[in-house]
Protein chains: 2
Amino acid sequence: MGDLSGDRLVEVLATLASPHRLRVLAALTGGRAYVSQLARDLGISRALLQVHLKKLERAGLVTAHLELSGDGKALKYYEVTPFSLHLTPDVVAAAAATLSTAGDGDAPPKGTS
Amino acid sequence: MGDLSGDRLVEVLATLASPHRLRVLAALTGGRAYVSQLARDLGISRALLQVHLKKLERAGLVTAHLELSGDGKALKYYEVTPFSLHLTPDVVAAAAATLSTAGDGDAPPKGTS
DNA sequence: GGCTCATGCCAACTATTATTGGCATGAGCC
DNA sequence: GGCTCATGCCAATAATAGTTGGCATGAGCC
């Protein structure tokens, strides 16, 4: 995960740039947990937590999997995906070169499609 | 710049999480430039560029200084501030622990005020 | 003086994101 | 059956961030 495409970098950074998500990540770093549990733990609503978890998941920073508790309840456990991102001006410059976002008139040919 | 406070981390990440700013940073990594020049270079309006430059500057990712051109014009040159940020779950967790953002009921005592 | 180029800034609008509350479902437990 | 607990999702409303256009200033150049 040394360097990713500009678009992906933006996604990951945008995902990490949030106090709530940072806390969620921190909580999960201390051990996995299921949604309701985590919500109580962090003192936020489940609806809110779920949105943030989804964003974290989409960015690939956490993963989820269902698990049945002893009494048959379906619990959705989340855990952190190990990652290592080294940001430096050069890395950023390299990533920027692969940005696909419109805005400056040059839309790089996308090899993946 | 190994690890910064949660608040600062969020600020830096939020600042980097933008295609425009990534491009600005990339452009500056290739060499310093003054505002109007850079705007033409990137194909965006000065007003827009200035907003982004300000944000980058506030986050400490770039620095600016006035300089007089040969014909007396005051040009504001910007250049990238070298930085190195290594992001990992642990770093994030540590940063999250220092977050001051309200939201979960605990507002850490702020020494500065 | 009138033209160009550079900076700075604001007011207004649009687009995105964040957050809340409520509602529906499925499954044990009393 | 009625209660609790867990998930999932949506519609509506804040709250922010992004963008545009225009206007004002100061300084060379013709």
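All chains are named by letter (A, B, ...) in the order of the sequence lines, taking the proteins before the strands, and each is independently numbered beginning at 1.
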Val10(B): partners by side chain to side chain contact (heavy atoms under 4.5 Å, CB included), with sequence neighbours left out: Pro19(A), Leu22(A), Leu99(B)
Which residues share a side chain to side chain contact (heavy atoms under 4.5 Å, CB included) with Thr81(A), sequence neighbours left out: Thr63(A)
For residues [X] and [Y], determine if any side-chain heavy atom of one lies less than 4.5 Å from a side-chain heavy atom of the other.
X: Leu9(B); Y: Thr98(B); value: no
X: Thr29(B); Y: Val92(A); value: no
X: Leu87(B); Y: Leu13(B); value: yes

Side-chain donor-acceptor pairs under 3.5 Å in residues 49-56 of chain A, sequence neighbours left out?
residue	atom	partner	partner atom	Å
His52(A)	ND1	Arg21(A)	NH1	3.0

For Asp71(A) and for Ser45(A), find the nucleotide of DNA chain C with the closest heavy atom, then tell me which residue's nucleotide is more 5'. Ser45(A)
Kindly express the pairing pattern of DNA chain D in dot-bracket notation, using | wherever a base pairs with another strand and counting only Watson-Crick or G-U pairs under 3.5 Å. ||||||||||||||||||||||||||||||
Taken to the nearest 0.5 Å, the spacing of Thr88(B) OG1 from Asp90(B) CG works out to 5.0 Å
In whole angstroms, how far is the P atom of dT20(C) from the CG atom of Leu49(A)? 12 Å
Could you state the CG-C1' distance from Leu13(B) to dA17(D), rounded to the nearest angstrom? 17 Å
Could you write nucleotides 2-18 of chain C as a row of B, S and -, 5' to 3', where a protein heavy atom under 4.0 Å of any base atom gives B, of only sugar-phosphate atoms gives S, and otherwise -? ---BSBBB-------SS
So, using side-chain hydrogen bond (donor to acceptor under 3.5 Å, both in side chains) as the criterion, who are the partners of Glu57(A) when residues are at least two apart? none
